[in-house]
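Here is the structure we will look at, set down as structure tokens.
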Amino acid sequence: MKHVIQTKFLTLVALIVLSGAVFSHENEIEKETKSTMFSGLETPAGKAVLAFHKALETGDVKTARSLLADNVLILEGKSVERSAQEYANHHMLSDIKYLRAMSIESIEHHVVQYDVVATSISRSRVKGTYKDKNVDRIGNETITLRRQDDNWKITHIHWSN
């Protein structure tokens with residue numbers, strides 16, 4: 001009888017120890033997955049893209065405009081804007097109004113910086129209510145940047161959802 005109790009006790013201890021290892025392994029997998037879904041954000045080009053996102057989300061028109069190259073090409077749906085001035089005068093304010101009403105969760109974001117060119121590719125979940133309509137969609141974004149002197153300027157944006 002004593003032997004049976006000891007065996008059950010040792011089995012219980014082994015299960016507890018192994019379950020901790022399993023949960024620990026699951027956390028490692030989750031961390032590894034997160035690290036493979038986000039890369040290059042710490043680069044100067046990545047920081048410029050994040051600053052642009054933040055500027056739009058907070059309504060900072062001056063910063064958003066300063067991060068765009070004068071000849072930026074912006075594609076969104078069927079619309080095309082062929083300069084920073086055109087975007088600033090047309091869709092920027094409505095984009096800001098829209099983004100301020102939304103909750104945005106970054107799903108995946110990769111920035112690859114080369115010598116004087118960089119590419120940012122991201123996916124985000126956008127949720128909220130805008131103009132009395134519920135919004136819950138996944139958006140895709142591609143941004144191309146070019147280094148001008150010591151600054152990274154956005155030369156192209158393609159938004160889709």
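Contact annotation: the side chain of Leu41 never approaches that of Lys47 to less than 4.5 Å [non-hydrogen atoms, C-beta and beyond]. At a threshold of 4.5 Å between non-hydrogen side-chain atoms, the residues Lys153 and Leu67 do not count as touching. Side-chain atoms of Ile143 and Val49, non-hydrogen and from C-beta on, do get closer than 4.5 Å to each other.
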Please walk me through it: do Asp136 and Arg125 pass side-chain contact (heavy atoms from CB on, under 4.5 Å)? CA-CA 7 Å; Asp136 185 358; Arg125 182 171 201 147; 2.8 Å; yes
Verdict with supporting geometry, Asp95 and Tyr87, side-chain contact (heavy atoms from CB on, under 4.5 Å): CA-CA 10 Å; Asp95 285 349; Tyr87 178 61; 2.7 Å; yes
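Rounded to the nearest 0.5 Å, atoms CG (Leu145) and CZ (Arg147) are 12.0 Å apart. Note: Thr43 OG1 to Tyr114 OH = 11.5 Å, rounded to the nearest 0.5 Å. In this structure, Arg137 CZ and Ser160 OG are separated by 11.0 Å, a value rounded to the nearest 0.5 Å. Note that CG of Leu68 is 5.5 Å distant from CD1 of Ile154, once rounded to the nearest 0.5 Å. In this structure, Ser39 OG and Ile121 CD1 are separated by 9.5 Å, a value rounded to the nearest 0.5 Å. Rounding to the nearest 0.5 angstrom, the gap separating the CD1 atom in Ile74 from the CD atom in Glu81 is 6.0 Å.
Residue pairs that meet the side chain to side chain donor-acceptor pair (under 3.5 Å) test with at least one member in residues 49-73, sequence neighbours left out, are His53-Glu141, Asp60-Thr63, Arg65-Asp70.
Residues forming a salt bridge (Lys or Arg N to Asp or Glu O under 4.0 Å) with Asp150 (at least two apart in sequence, or on another chain): none.
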Under 3.5 Å, which donor-acceptor pairs link side chains of residues 98-109 to any protein atom two or more places apart or in another chain?
from, atom 1, to, atom 2, distance (Å)
Glu108, OE2, His110, NE2, 3.0
His109, NE2, Ser120, OG, 2.7

